[in-house]
Amino acid sequence: MCGIVGYVGPREVVPLLIDGLRRLEYRGYDSAGVAVVADGRLDTRRAEGKLDRLVERLREQPLSGSYGVAHTRWATHGKPTERNAHPVVDSKDRIAIIHNGIIENFLAIKRRLLGEGWTFSTDTDTEVIANLVSSYYTGDLAAAVKRAVGELEGMYACALIGTGSTVGDGEEIVAVRQGTPLVLGLGQGESFLASDPAALIAHTRDVIFLDNGDIARLTRSQIEIWDRSGAAVKRPVTRLNWDPQQVEKGGYKHFMLKEIFEQPEAARDTFGGRVDFETGTVGFDALELAPDYVRSLSRIQLLACGTSWHAALIGKFLIEELARIPVEVDYASEYRYRDPIADASVLVAGISQSGETIDTVWAMEAAKERGARLIALSNVPGSQATRISSGTLYTHAGPEIGVASTKAFTTQLVAFYLLALYLRQQLGREVEPELLAPLAHLPQAISEALALEPEIEKLSRRYHTATDFLFLGRGIQYPVALEGALKLKEISYIHAEGYPAGEMKHGPIALIDEHLPVVAIATGKRVFEKVKSNLQEVKARDGKVIVVTDRDPAELDGVADHVLRVPALPEALSPIVSVIPLQLLAYQIGVRRGADVDQPRNLAKSVTVE
Ligand code: G6P
């Protein structure tokens, strides 16, 4: 959950590390710190709170060096105080470590080390690794780490620097990965590491994703890697074609707004090159499911968390509708803790923007153990979910920095649409031109929905003081209602609930009065009239009604207080535009309430602890 970054090379290390941390702040942000070695001395600066506090500290007490590590923390063990901030230093002051993850047997090791005279000055499990490594350190840091990790249970990505190295020129960072993400960057005469490629792409696009159990030594001139057994290994270099500009705010006030406005392009990038409009075929580069295999499937299971889970609910709708294969959707965090039924007849897809959400990865592994074939639907090449899968359907959203997911969600919907069409095709059914043609208009339709921003900004003035919101949708728009409610909760801290419109009369109707804004999505033909009558029930109880629709607003006269009209698309694609006003509404209300929309309290972009 924390962000880690490291650098060894000719440049001044501290500004480079701080820049890396800025790009990782979304991973966690309750404290931050940096450690460097200069003139054979280990030095650290740490601060509680956001990164700016650390920057202030560094201004008062500057640090300089040419290699070092830095960390932004999301507390697991120990309160978010300066004392518990990383880097953590061993009690002999020789080794500094940054760590993302949890050491499950830290208490047993701590007891042993205490008995051997090691002292502890933090409440973190990380300090156990620092002292353990130090206890084995005789000048070869990688060798000490290799010995220490044999005793650790749990999940971790760590980077360590030390003084007194007797290997090479002594300038080195040692990194180890077990379960949590870690990526190395290759430069010209310099090397980088980070928990996320977003921190690296301003400097290099050539990256190496470590495997579980790998230990790496980074020096200016090379990166050496050993696997769990201690054997030297070569890991493939991945070239990321993310544009460094994409990780900057690009003139927008917040990453979230920038990412909302990137959706036309992100959608285009996700279907581009995968659809042959002339021949009516769909294909992917990193995913292939043979026709016989698809025919043999008894069902598909979709596993995900958060916004990705909402995308999966829409995925179910699309796959069942277009390919007629039964689909089950599970919260990944629930799936693993029952005895799920999965075997070789089940295709399991893990849906994860980051590909690193631990609940999703573990649930996927539980399915794999039972004999199911795994695929991933992810935005991050080389991420854990993609590595344990037999194939990946990538969304091409580019890096998503805002903690609340926006463009990742809509690109997941595009990807699901393609997957449903692909399965249909592999089953020998025709992918009719009318199924493919609307994709070409999709980016334009999203742009038109984005043009509602000024209208939504006005609405936010009216409703930002509400204490509760209800979101209603039916059919394919029900998950959109869930997503609208989640966005508002995350960004503005207003309590919001998403509900199937037809279920409202079985409970939430009791909440309705003149203070409750109700946001409904009423599009298309299938359930429009049904949703309209649900809204009449709201109006009859004086609720305030905001409707997102692709129909003529006149049809909602007397039912809606405000109508947000989005372009009409076939039902299967309509959630991609109907969610846009809900993202903007959450954003505008959040901003108006003074909330930190890019980094909402208590949330993290990528939840890599259970
Ligand atoms: C966190 C984020 C959400 C995200 C969820 C799943 O909770 O705050 O925005 O939807 O994780 O993330 P994933 O990377 O697996 O899609």
Side-chain angles (χ1 to χ4, degrees), residues 1-3 24-29 74 179-181 195-198 254-256 259-260 266 270 302-315 329-336 348-365 374-389 392-395 397-413 415-416 479-480 482-493 498 579 582-583 586-587 590 595-610:
M1 194 74 111
C2 312
L24 292 178
E25 247 191 317
Y26 67 90
R27 293 185 70 88
Y29 33 81
W74 188 84
T180 27
S195 39
D196 187 315
H254 296 100
F255 281 113
M256 183 183 177
E259 287 158 7
I260 289 174
T270 300
L302 306 178
L303 309 178
C305 304
T307 289
S308 294
W309 184 77
H310 296 155
L313 292 176
I314 293 173
V329 182
D330 252 291
Y331 280 120
S333 55
E334 289 293 322
Y335 186 85
R336 189 168 173 258
V348 171
I351 323 306
S352 175
Q353 185 282 128
S354 61
E356 300 288 354
T357 299
I358 204 67
D359 285 326
T360 305
V361 171
W362 279 351
M364 290 169 77
E365 274 167 354
L374 285 189
I375 60 169
L377 201 160
S378 177
N379 193 39
V380 181
S383 58
Q384 186 69 356
T386 69
R387 286 140 54 91
I388 60 172
S389 295
T392 299
L393 174 44
Y394 284 106
T395 49
E400 191 179 66
I401 307 294
V403 167
S405 187
T406 53
K407 63 176 180 171
F409 177 69
T410 45
T411 53
Q412 284 168 343
L413 301 188
F416 266 124
V480 177
L482 293 178
E483 178 60 8
L486 179 66
K487 282 290 88 80
L488 189 69
K489 265 184 279 211
E490 287 177 315
I491 298 307
S492 71
Y493 316 141
V579 75
L582 307 187
Q583 295 171 341
Y587 172 80
D596 186 347
V597 294
D598 277 341
Q599 294 176 353
R601 69 184 182 206
N602 306 340
L603 293 176
K605 180 73 188 157
S606 157
V607 184
T608 53
V609 292
E610 219 186 339

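What you see is a predicted model; the values in this text were computed from it and never measured. Atoms within a ligand are numbered from 1 in the order they appear, just like the ligands themselves.
For atom 6 (C) of ligand 1, the closest non-hydrogen atom on the protein side is Cys305 O, 3.5 Å. Of all protein heavy atoms, the one closest to atom 4 (C) of ligand 1 is Thr307 N, 4.3 Å. In this structure, atom 7 (O) of ligand 1 lies nearest to the protein heavy atom Val607 CG2, 3.9 Å. Given atom 8 (O) of ligand 1, the protein heavy atom at minimum distance is Ala604 O, 3.0 Å. Of the protein's non-hydrogen atoms, Thr357 OG1, 3.3 Å is the one closest to atom 12 (O) of ligand 1. Nearest protein neighbour of atom 11 (O) of ligand 1, counting heavy atoms only, is Lys605 O, 3.8 Å.
For the atom pair CD (Gln599) and NE2 (His254), the distance works out to 10.0 Å, reported to the nearest 0.5 Å. In this structure, Leu377 CG and Thr392 OG1 are separated by 8.5 Å, a value rounded to the nearest 0.5 Å.
Judged by distance alone, the side chain of Glu400 and the main-chain N or O of Thr406 form a donor-acceptor pair under 3.5 Å. Listed for the Thr357 side chain is no donor-acceptor partner under 3.5 Å among the backbone atoms of Asp359.
Per-residue contacts place Gln353 under 4.0 angstrom from the following atoms of ligand 1 (heavy atoms of the residue considered): 13 (P), 14 (O), 15 (O), 16 (O). Under a 4.0 Å criterion applied to the non-hydrogen atoms of Ser405, ligand 1 contributes the atoms 9 (O). Which parts of ligand 1 touch Ser308 is read off a 4.0 Å heavy-atom cut-off, strictly below it: atoms 10 (O), 13 (P), 16 (O).
When only modelled atom types and interatomic distance are considered, Ser492 and Lys487 share no side-chain donor-acceptor pair under 3.5 Å. The closest side-chain donor-acceptor pair between Ser308 and Gln412 falls under 3.5 angstrom. Neither side chain, Gln353 nor Thr395, offers a donor N or O lying under 3.5 Å from an acceptor on the other.
Ligand 1 does not have Leu603 within reach: every non-hydrogen atom of the residue lies 4.0 Å or more from it.
Considering each of Val403, Asp359, Val361, the one bringing a non-hydrogen atom nearest atom 9 (O) of ligand 1 is Val403.
The shortest N/O to N/O separation between Thr360 and ligand 1 does not fall below 3.5 Å.
Ring-centre distance between Phe409 and His310: not below the 6.0 Å cut-off.
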